[in-house]
**Q** 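Provided herewith is a single structure, encoded as structure tokens, for subsequent inquiry.
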Number of protein chains: 2
Amino acid sequence: MSNATRALPLLEAGAGVSGEDVAVAACCAPLAERPLGVEESEAAARMFKALGDPVRLRLFSAVASHEGGEACVCDISDVGVSQPTVSHHLKKLREAGLLTSERRGTWVYYRVEPAVLAAMGRLLALPSAPSVPPAA
Amino acid sequence: MSNATRALPLLEAGAGVSGEDVAVAACCAPLAERPLGVEESEAAARMFKALGDPVRLRLFSAVASHEGGEACVCDISDVGVSQPTVSHHLKKLREAGLLTSERRGTWVYYRVEPAVLAAMGRLLALPSAPSVPPAA
DNA sequence: GCGCTGATTAGACGTATGTCAACATAGACG
DNA sequence: CGTCTATGTTGACATACGTCTAATCAGCGC
């Protein structure tokens, strides 16, 4: 199978994270700080789109809130859709860089990627002191 | 500009349908705190989906970062798509509760909804102690 | 009123997306 | 080896989405 066309995740933290990718830095500027560039918007949109589905959001939340920070597919597959659909959504989340997966014996465990989550949080951060050097 | 002066009540949803959007803003429990419920996931997914498009993300960022916290359509419509498409995306953002619009004379001004932005940020917040529940 | 500019709406069209049933693969266990 | 359980993949389908052009609505100035 060729993953050549797969969307590059925002973060390469999956295995042996070492260098912050360019996309990481590009994606960390709050939306309200300055207008987003084209490439930034495409990278960030991939993340938001990955969470833009109720089922994916529940799967992601289930993994993120699961004890130990990881969850077996069997633990979270009760979201009202068929098992292949669950697998499909988990793959989407993985491709978006939000989750990582690891097979241990019979089961496959998913784990959240905290750095990507934090990057998205920063994007939505409101400027408490926007860009106004107030009274000085 | 300090948007602190504009601390709006909660959410008024200038789009017309008010009930849904309020639920959106009320959806504030971090994704990693506990598994998201069905309704919560649908509400939150609407928000994320609204930002899951590069053009919308750029429009939103343009409004959010614009001087005065608001922007005329004419100021932000240079995103590489036709003007009706811009209007379409702005409508989507409005329906998602992320923007509000107001016509003043010839031009229509868009403004970000800080409460919704903050709600999304809270959703992505990482728990301070992931696998160490303090009080069970 | 008429025309002009700005913005939204309507309709159409191609593509992406979410879903499922069916099949394939991976490991465990007898 | 055979089989059973757990995940992933394939192919098909209906729907949603993003985009455009053309038409319509909303103020402003002549």
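Worth knowing before you read on, the calculation uses all heavy atoms, side chains too, and leaves out hydrogens, waters and symmetry mates. All of these numbers come straight from a predicted model, not from anything done at the bench. We name chains A, B, ... by the order of the sequence lines, and we start the count at 1 in each one.
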**Q** By a strict heavy-atom criterion of less than 4.0 Å, which residues belonging to residues 52-64 of chain A are in contact with DNA chain D?
**A** none
**Q** Let me know the distance between CG of A:Leu90 and P of D:dG8, rounded to the nearest Å.
**A** 7 Å
**Q** Report the distance from atom NE2 of B:His88 to atom P of D:dT21, rounded to the nearest whole Å.
**A** 15 Å
**Q** Round to the nearest Å and state the distance from B:Lys92 atom NZ to D:dT19 atom C1'.
**A** 11 Å
**Q** When you measure from the side chain of B:Ser101 to the backbone N and O of B:Arg94, does any donor-acceptor pair fall under 3.5 Å?
**A** no
**Q** Looking at every heavy atom in both A:Ser41 and B:Arg58, which two are closest together, and how far apart are they?
**A** CB-CG, 3.3 Å
**Q** Measure NE2/A:His89 against P/D:dG8 and give the value in whole Å, please.
**A** 13 Å
**Q** Rounded to whole Å, how long is the line connecting atom CD1 of A:Ile76 with atom C1' of D:dA6?
**A** 13 Å
**Q** Please give me the minimum heavy-atom distance between B:Val63 and B:Val112, naming the atom from each residue.
**A** CG1-CG1, 3.8 Å
**Q** If you take all heavy atoms of A:Ala45 and B:Asp53, which pair is closest and at what distance?
**A** CB-C, 3.7 Å
**Q** Check A:Ala71 against A:Ile76 and note the closest heavy-atom contact, atom names and distance.
**A** CB-CG2, 3.8 Å
**Q** Can you give me the first and the last nucleotide of DNA chain C (5' to 3') that has an atom within less than 4.0 angstrom of a non-hydrogen atom in chain A?
**A** C:dT17 to C:dA28
**Q** With clusters defined by side-chain heavy atoms of hydrophobic residues (ILVMFWY) lying less than 4.5 Å apart, directly or transitively, does A:Trp107 cluster with A:Val73?
**A** no
**Q** What's the CZ-C1' distance between A:Arg94 and D:dT7, to the nearest Å?
**A** 10 Å
**Q** Taking CZ from A:Arg103 and P from D:dA6, how many angstroms apart are they, rounded to a whole number?
**A** 12 Å
**Q** If you look at every strand shown and take non-hydrogen atoms under 4.0 Å, does B:Tyr110 touch a base, only sugar-phosphate, or nothing?
**A** sugar-phosphate
**Q** For the backbone of B:Leu93 and the side chain of B:Arg56, can you confirm whether one donor and one acceptor N or O come within less than 3.5 Å of each other?
**A** no
**Q** Answer with base, sugar-phosphate or nothing: what part of the nucleic acid does B:Thr106 contact at a heavy-atom distance below 4.0 Å?
**A** sugar-phosphate
**Q** DNA chain C: A:Gly105 or A:Pro84, which has the more 5' nearest nucleotide?
**A** A:Pro84
**Q** Can you tell me how far C1' of D:dC17 sits from NZ of B:Lys91, to the nearest Å?
**A** 14 Å
**Q** Please determine if a side-chain N or O atom of B:Thr85 lies less than 4.0 Å away from the OP1 or OP2 oxygen of D:dT19.
**A** no
**Q** Above 12 or not: heavy atoms from other molecules or residues under 6.0 Å from CD of B:Glu39?
**A** no
**Q** Are the side chain of A:Ser65 and the backbone of B:Glu33 linked by a donor-acceptor contact shorter than 3.5 Å?
**A** no
